[in-house]
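Let me begin by presenting the structure, written as structure tokens, before commenting on it.
The structure displayed is predicted, hence computed values, not measured ones.
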Amino acid sequence: MFLEFKEEVEQVLKEALKKASYEYKELELEESEHADISSRVAFSLARAYKKPPEIIAADIVNHLNLEIPAENTLISDAVAAGPYINVYVNDFFLHKTLQKIKEGIEPAAEKKKGKIIIEHTSANPDGPLHIGHLRNAIIGDVLVRVLKRAGYDVETHYYVNDMGRQIAVAVCGTERIAFAANKKADHAVADVYIAANRLIEENSDFLKDVEKLMREYEAGDEAVMRKYEVVVKKCLSGIQASLQRLNIQHDLFVWESEFVRGGAVEEVMEELKQKGNIKFDGSALLLQLEGIEKELVIQRTDGTSLYTTRDLAYHRWKSDRCDRVIDVFGKDHELVSQQLSKALEILRVKVPEFVIFEFVSLPTGSLSTRAGRYIAADELMEKIEERAYEEVDKRRGDLDEGKKLEIAKKVGIGALRYDMVKVSPDKHITFDFDDALDIEKKGAPFIQYSHARACSILMAAEERGYVIADDYDASLLREESEKELIKKLSKLGYVISSSELKPHLVAKYARELAESFNLFYKDCPVLNADAGLRKARLALVDCAKTVLSDVLDVLGVESPEEM
RNA sequence: GGGGUCGUAGGGUAGUGGAUAUCCUGUCAGGUUCCGGACCUGAUAACCUGGGUUCGAAUCCCGGCGACUCCGCCA
């Protein structure tokens, strides 16, 4: 509802500026502590009109016409506060906000903004996900949810790097080392991969086998393809299980080898030869890209393709199927992503938008799958759920075992997801196990707790026979904390539309909303209020519950009704 | 050597030109006759440094210092 308010303010301000004959570029509206919305337009006008901004602000306010549409307006007042123009919402806005929430989210179909293909996670299928991948997956998934809610048709891809040397090493390894039967699939693959790497260190002949295998795979040797398929699919099944536990799903798994065997990679190389600035270094092909010193190798001496070339083919294919392409990449791919963009420009393909996130490191140093130095996502989830269970058990000994486990799962995974997404992606994180397991901080459990409190009030109301009805009188909600809560509730749509590629802003809003609810909870008794007020407050609690659970859903966090 | 990102209270973090710089944690002091204390209130304490642009800079530009990272016919 806040968006509607903002639009009306824009409308009204525009008219006033026109009447007062000011030429402006931007209305410079912003949220403010001093008002519900505030405009700084007087500052920029001050220069052009050589008058103090305070005078201009007052002048604009004098030209405002707020009385006419008294029936439908959302604005109560607008005043000049020095150089600022401060605008405030009215009771109708508060009433309308609650009403809209009760009606439910408007169907996304009405405001289709186009199709987006977003790629995230895309971990190599040579072992389980570690905490670095976790950050990628969670940022990506929240992005998906935000964009869907903002009205886009979103398709999620996992790009499977099945042509890398690592996979060949793992596949080769299976010929000498058996999979552990009692392990989760992706972990079993990692064991083989790590053991195979050790074999390489001991015996260089093994490396020749690996290279032979890679050539055969690229050439499309059927027997080799079957061997690959076994390993890659085994690993992916394990990875998918981990992702599912985190509440994450991909629509499509795209294997990079498809682009080689389908001929798309060759087409890309041919086209680059014609359109690009190409150099031959022996028989390898180097592509010179504008503004990047380092040439990009697009073909090896032996004629085989490279990761980047295959990625170009993949991006061309994606780009034909949607309006926007978004890639969630780790910081180490930044140069690659620039090269990719430049090369795509040469091919006249839509350039993707990148969400680049900084690394997660351990207090002991950086991660390495090959060296076996990583924290597996599964291990982390296991521990955080255990930790959550201890908390639940301590506080809710009254519940039965199944219920406690269910809540622990929601709280644990929620805390993990929130922890990963609350920080801006371009911030480096040093992962601290104890810190992540410390559930008491103001993360997901804090928000979930507010939701549970709301549910608890509603349940108690039902037991006492109070009905949650639509004929409440919203004008009875006069307390400051009530009004603040309603205003916060009104901003979900606004936050979603303004934080498209910044998932941490949604996390921030969720926390603020929970804070507002807790303040209301403290200040305003619901069940013990007089009948009229009680009805209005019950309606407010009901709305708060809806929006809390909504925003948690955008974060991919579940909303337990009790905890 | 070249490029990139980051530098905000003791630690972590929000804020990309505008009003008294956000929140967590830490430390200290408080709060429940009332719907769940995983809650709430108060105190403490910060924009790396030097220039520049601007009426106005944590925010933009340039230099310095520091941290991280990328620069392979790997992926």
Contacts of type side chain to side chain contact (heavy atoms under 4.5 Å, CB included), residue [X], not counting sequence neighbours:
X       : answer
N518(A) : F446(A), S450(A), R453(A)
F359(A) : D332(A), H428(A)
V265(A) : F259(A), V260(A), M269(A), S305(A), T309(A), R310(A), A313(A)
I468(A) : K102(A), L458(A), L538(A), D542(A)

Name all residues meeting the side chain to side chain donor-acceptor pair (under 3.5 Å) criterion together with R300(A); count only those two or more places apart in sequence or in a different chain, and write none if there are none.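 T304(A).
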Listed partners of R537(A) passing side chain to side chain donor-acceptor pair (under 3.5 Å), at least two apart: E482(A)
Quick one: ring-ring contact (aromatic ring centres under 6.0 Å, His included) partners of Y418(A), sequence neighbours excluded?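 With sequence neighbours excluded, Y418(A) shows a ring-ring contact (aromatic ring centres under 6.0 Å, His included) to no residue whatsoever.
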Can you list everything that forms a ring-ring contact (aromatic ring centres under 6.0 Å, His included) with H451(A)? Sequence neighbours excluded, please.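 For H451(A) there are no ring-ring contact (aromatic ring centres under 6.0 Å, His included) partners, ignoring immediate neighbours.
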Using the [atom1] atom on both, measure [N] against [M] and round to a whole Å.
N      : M      : atom1 : result
A21(B) : A9(B)  : C1'   : 11 Å
C35(B) : C40(B) : C1'   : 15 Å
A58(B) : U41(B) : C1'   : 29 Å
U44(B) : C48(B) : C1'   : 23 Å
G15(B) : U8(B)  : C1'   : 10 Å

Within residues 495-509 of chain A, find the residues that approach RNA chain B with a heavy atom at under 4.0 Å, and present them sorted by residue number. H504(A), L505(A), K508(A)
For [N], the Watson-Crick or wobble counterpart (both distances under 3.5 Å):
N      : value
C68(B) : G4(B)
U20(B) : none
U13(B) : none
G63(B) : U49(B)
C74(B) : none
U44(B) : G26(B)

Note: K331(A)-E334(A) ion pair, threshold 4.0 Å (strictly below):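 Yes, K331(A) and E334(A) are salt-bridged.
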Toward the 5' end of RNA chain B, by each residue's nearest nucleotide, E28(A) or F446(A):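 It is E28(A) whose nearest nucleotide is closer to the 5' end.
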I want to confirm an ordering. Mapping I407(A) and D332(A) to their closest nucleotides on RNA chain B, which one lands closer to the 5' end?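 Taking each residue's closest nucleotide, the earlier one in sequence belongs to I407(A).
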Using a cut-off of less than 4.0 Å, is there contact between a side-chain N or O of [X] and OP1 or OP2 of [N]?
X       : N      : value
R396(A) : G36(B) : no
R395(A) : C39(B) : no
Y449(A) : A38(B) : yes

Mind checking [X] for me? I need base, sugar-phosphate or nothing, with any heavy atom below 4.0 Å counting as a touch.
X       : value
V41(A)  : nothing
F43(A)  : base
V336(A) : base
E256(A) : sugar-phosphate
I167(A) : nothing

Does the side chain of S497(A) pick up a donor-acceptor pair with the side chain of E500(A) at under 3.5 Å?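 No, no side-chain donor-acceptor contact under 3.5 Å.
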Taking atom types as modelled, find out whether Y158(A) and H120(A) have a side-chain donor-acceptor pair closer than 3.5 angstrom.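 No donor-acceptor contact under 3.5 Å links the two side chains.
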Short heteroatom pairs, N/O only, protein and nucleotides 19-21 of chain B, under 3.5 Å:
residue, atom, partner, partner atom, Å
A19(B), O4', Y84(A), OH, 3.4
A19(B), O2', H34(A), NE2, 2.8
A19(B), N6, S32(A), OG, 3.4
A19(B), N6, S38(A), OG, 2.5
A19(B), N6, N86(A), OD1, 3.1
A19(B), N1, N86(A), OD1, 3.3
A19(B), N1, N86(A), ND2, 3.3

Counting side-chain heavy atoms from C-beta on, which of U69(B), C73(B), A38(B) comes nearest to F359(A)? U69(B)
Given A14(B), A75(B), C40(B), identify the nucleotide with an atom nearest to the side chain of S424(A).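 Nucleotide nearest to S424(A)'s side chain: A14(B).
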Whole-Å distance between [N] [atom2] and [X] [atom1]?
X       : N      : atom1 : atom2 : answer
K279(A) : C73(B) : NZ    : C1'   : 14 Å
E562(A) : A38(B) : CD    : P     : 14 Å
K442(A) : U22(B) : NZ    : C1'   : 12 Å
R47(A)  : U53(B) : CZ    : P     : 14 Å
E31(A)  : A14(B) : CD    : C1'   : 13 Å
H428(A) : C70(B) : NE2   : C1'   : 14 Å
L296(A) : G72(B) : CG    : P     : 11 Å
L207(A) : C74(B) : CG    : P     : 11 Å

Between M214(A), K208(A), R215(A), which is the residue that forms a side-chain contact (heavy atoms from CB on, under 4.5 Å) with K212(A)?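 Passing option: R215(A).
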Just by distance, do the side chain of H130(A) and the backbone of G132(A) share a donor-acceptor pair under 3.5 Å?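 Judged by distance alone, yes, a pair lies under 3.5 Å.
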Side-chain donor or acceptor of S516(A) paired with backbone N/O of E512(A) under 3.5 Å: yes
Report the C-alpha distance between S257(A) and R261(A) in whole Å, list the side-chain angles of each, state the deciding distance to 0.1 Å, and finish with yes or no for side-chain contact (heavy atoms from CB on, under 4.5 Å). CA-CA 6 Å; S257(A) 56; R261(A) 289 195 283 269; 3.0 Å; yes
Base versus backbone protein contacts along nucleotides 30-35 of chain B [heavy-atom cut-off under 4.0 Å; B, S, -]: -B--SB
Nearest 0.5 Å please: distance from the CZ atom of R534(A) over to the CG atom of L527(A).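 Reported value, rounded in 0.5 Å steps: 7.5 Å.
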Assign the ring pair Y159(A) / Y314(A) to parallel, tilted or perpendicular, where the plane angle (0 to 90°) is split at 30° and 60°.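 Geometry flag for Y314(A) against Y159(A): parallel rings.
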Any protein N or O atoms within reach of nucleotides 4-6 of chain B? Criterion: under 3.5 Å, listing atom names and distances.
residue, atom, partner, partner atom, Å
G4(B), O2', E334(A), OE1, 2.8
U5(B), O4', K331(A), NZ, 3.2

